[in-house]
*Asks:* 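Have a look at this one before I ask anything.
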Amino acid sequence: MLDPKLLRNQPHEVAERLAIRGFDLDLVKLEKLEAQRKELQIQMQDLQNERNQRAKNIGQAKAQGHDIQPLLDEVEGLKIKLEEIETHFSTVEDELNSYYQTLPNLPHETVPHGSSEKDNVEIRRWGEPRQFNFPIKDHVELGERNNLMDFATATKLTGSRFVVLNGKLARLHRALIQFMLDLHIAEHGYQEVYVPYMVNQASLFGTGQLPKFTEDLFKVEGEQGYHLIPTAEVPVTNIARDTIIEAKDLPKKYTCHTPCFRSEAGSYGRDTRGMIRQHQFEKVELVQFVRPEDSYKAHEELTKHAETVLQKLGLPYRVVALCGGDIGFCSAKTYDIEVWLPSQNCYREISSCSNFETYQARRMQARWRNPETGKPELLHTLNGSGVAVGRALVAIMENFQDEAGQIHIPEVLQPYMGSSKLL
RNA sequence: GGAGAGGUGGCUGAGCGGUUGAAAGCGGCGGUCUUGAAAACCGUUGAGGGGGUGACCCCUCCCAGGGUUCGAAUCCCUGCCUCUCCGCCA
């Protein structure tokens, strides 16, 4: 959520910055609701004050043994009047809050302008896409060898957009997870966490999936309103919900492996072949809680941590800064890391690294105690994939295939594969 | 699943329906003392919000949501969560 004070005091500046992402702030609506809110709140608080005073007087009179009936007569009607205005106030407040919740985050000043994916700006490249001197296969074809990858069975078990992995490919998939976690723990200073794969609605609100993006989620049957997590970002970031972290404990850096579940509503017909876009996939996530002044430095570092995974695996990639029109709802700035996929002859997203500044923190009241002011203040949250496991598996298969259709295992994964070099 | 107990400030923990936003202790911060530190002592210390140029004034919050009352942390109902015992169990 945006800072209500900022919206109140500098609505035109907010509108300008939101326009960068193609969002149209309704200033007329905002000003109207805000004026109502202010008037009603003043009236309500005056009446509450009167009630408190009168109740206190009655208490004192009673303690002194006076007849309180005249005082009781005086307050008659006050309660009903107050209730009416309280109801009216909360109606206006709810309307204002609902509108606030539809407002995306303000883009950072370094975010490139533009309306779509095409306007994203490439920041850097690493590695050279390999030149093949034989006809290449895509990961589906490669996976069909020895029945390593089985979509038909997954469809039987569940439906479309699921996969069964067999034998050494299943092991390679697991090896990737272990490798990534070990790297982030040992070399990048993250703490590993294990978290629930179902979360409540408060958590989904905190990270911004609710109320707006409910159609992207799988909801679990039952009264609790639990949902399967679409990313570890949700449970891990919500660790900080309703807490005040001591300054000495910042930054907090968590890494976490979870499955992710996405309904992929609205992506019909896209990436239908293979395991690029699945309802269930594994991801190793990086999450940081940092002091506000450190967040952009942390954002660069976190992105590097994700890049290191690809470098160690030897996978060519590029980093792009998302433009205003392509950036996520909650994000102030996002870098996507895109890995080279030979079969598609292009770079495809394998990680998305974002700085949310206080947007998520305000929703979930995630705070730290600033030693300079002594006060709890909103911290900055960041996250990034470090990296998506299924897509990394696809990239390894396609980039490291040979003419015989065998897959050469990257050196860093061999210890996790019983020293095998080939798949 | 059955039976009981409980949810109060960063933590522990008091709190007859009426100056209790909340005792006390711990922790934190400031100070005295000390070469420095510890100890001791003194002081201070919840969060969110509204109004006003300002000194300042006011509102809300004792798990959540309802209710009773002139007045609720305190009474009633519902939900959620935690703990103990029994049963079952990966």
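Order of the sequence lines sets the chain letters (A, B, ...), proteins ahead of strands, with each chain counted from 1.
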*Asks:* Any residue in residues 38-48 of chain A with a heavy atom nearer than 4.0 angstrom to RNA chain B? Just list them by number, or reply none.
*Replies:* A:Lys38, A:Gln41, A:Ile42, A:Gln45, A:Gln48
*Asks:* Using side chain to side chain contact (heavy atoms under 4.5 Å, CB included) as the criterion, list what pairs up with A:Leu6, not counting sequence neighbours.
*Replies:* A:Asp3, A:Gln10, A:Val14, A:Leu106
*Asks:* What residue pairs, at least two apart or across chains, pass ring-ring contact (aromatic ring centres under 6.0 Å, His included) with a residue in residues 90-114 of chain A?
*Replies:* A:His108-A:Tyr296
*Asks:* Applying side chain to side chain contact (heavy atoms under 4.5 Å, CB included), name anything that partners A:Thr258, two or more places apart in sequence or on another chain.
*Replies:* A:Val195, A:Tyr197, A:Ile229, A:Ala232, A:Cys256, A:Cys260
*Asks:* Nearest-nucleotide wise, let me know which of A:Gln53 and A:Gln60 is further upstream toward the 5' end of RNA chain B.
*Replies:* A:Gln60
*Asks:* Students often get this wrong, so: under 4.0 angstrom with heavy atoms, is A:Asn57 touching a base, only sugar-phosphate, or nothing?
*Replies:* nothing
*Asks:* Of A:Asn52 and A:Glu34, whose nearest nucleotide on RNA chain B comes first from the 5' end?
*Replies:* A:Glu34
*Asks:* What are the two closest non-hydrogen atoms of A:Pro292 and A:Leu378, and how far apart are they?
*Replies:* CG-O, 3.7 Å
*Asks:* Report the residues that fulfil ring-ring contact (aromatic ring centres under 6.0 Å, His included) with A:His139, sequence neighbours left out, ordered by chain and then residue number.
*Replies:* none
*Asks:* Counting just side-chain N and O atoms, does A:Asn49 come under 4.0 Å of either OP1 or OP2 of B:rC59?
*Replies:* yes
*Asks:* Near RNA chain B, under 4.0 Å by heavy atom, which residues of residues 81-95 of chain A?
*Replies:* none
*Asks:* Residues two or more places apart in sequence or in another chain: which of them pass salt bridge (Lys or Arg N to Asp or Glu O under 4.0 Å) with A:Asp119?
*Replies:* none
*Asks:* For A:Lys5, report the nucleic acid contact type (base, sugar-phosphate, nothing); a contact means any heavy atom under 4.0 Å.
*Replies:* sugar-phosphate
*Asks:* Only counting residues at least two apart or in another chain, list the ones meeting side chain to side chain contact (heavy atoms under 4.5 Å, CB included) with A:Leu78.
*Replies:* A:Leu47, A:Glu50, A:Arg51, A:Arg54
*Asks:* If the plane angle is over 60° it's perpendicular, under 30° parallel, otherwise tilted; pick one for A:Tyr335 and A:His299.
*Replies:* parallel
*Asks:* Give me the distance, rounded to whole Å, that separates B:rC89 from B:rA5 when you measure between the P atoms they each carry.
*Replies:* 28 Å
*Asks:* What residues form a side chain to side chain contact (heavy atoms under 4.5 Å, CB included) with A:Arg171, not counting sequence neighbours?
*Replies:* A:Arg174, A:Met417
*Asks:* Strictly under 3.5 Å: I want the nitrogen or oxygen pairs between protein and nucleotides 70-78 of chain B, one per line.
*Replies:*
none

*Asks:* Taking only residues at least two apart or on different chains, which pairs with a member in residues 25-37 of chain A satisfy salt bridge (Lys or Arg N to Asp or Glu O under 4.0 Å)?
*Replies:* A:Arg8-A:Glu34, A:Glu34-A:Arg37
*Asks:* Applying side-chain hydrogen bond (donor to acceptor under 3.5 Å, both in side chains) as the test, list every pair that has at least one member in residues 79-88 of chain A; sequence neighbours left out.
*Replies:* A:Gln48-A:Glu86
*Asks:* If the C1' atom of B:rG27 is compared with that of B:rC33, how far apart are they to the nearest Å?
*Replies:* 22 Å
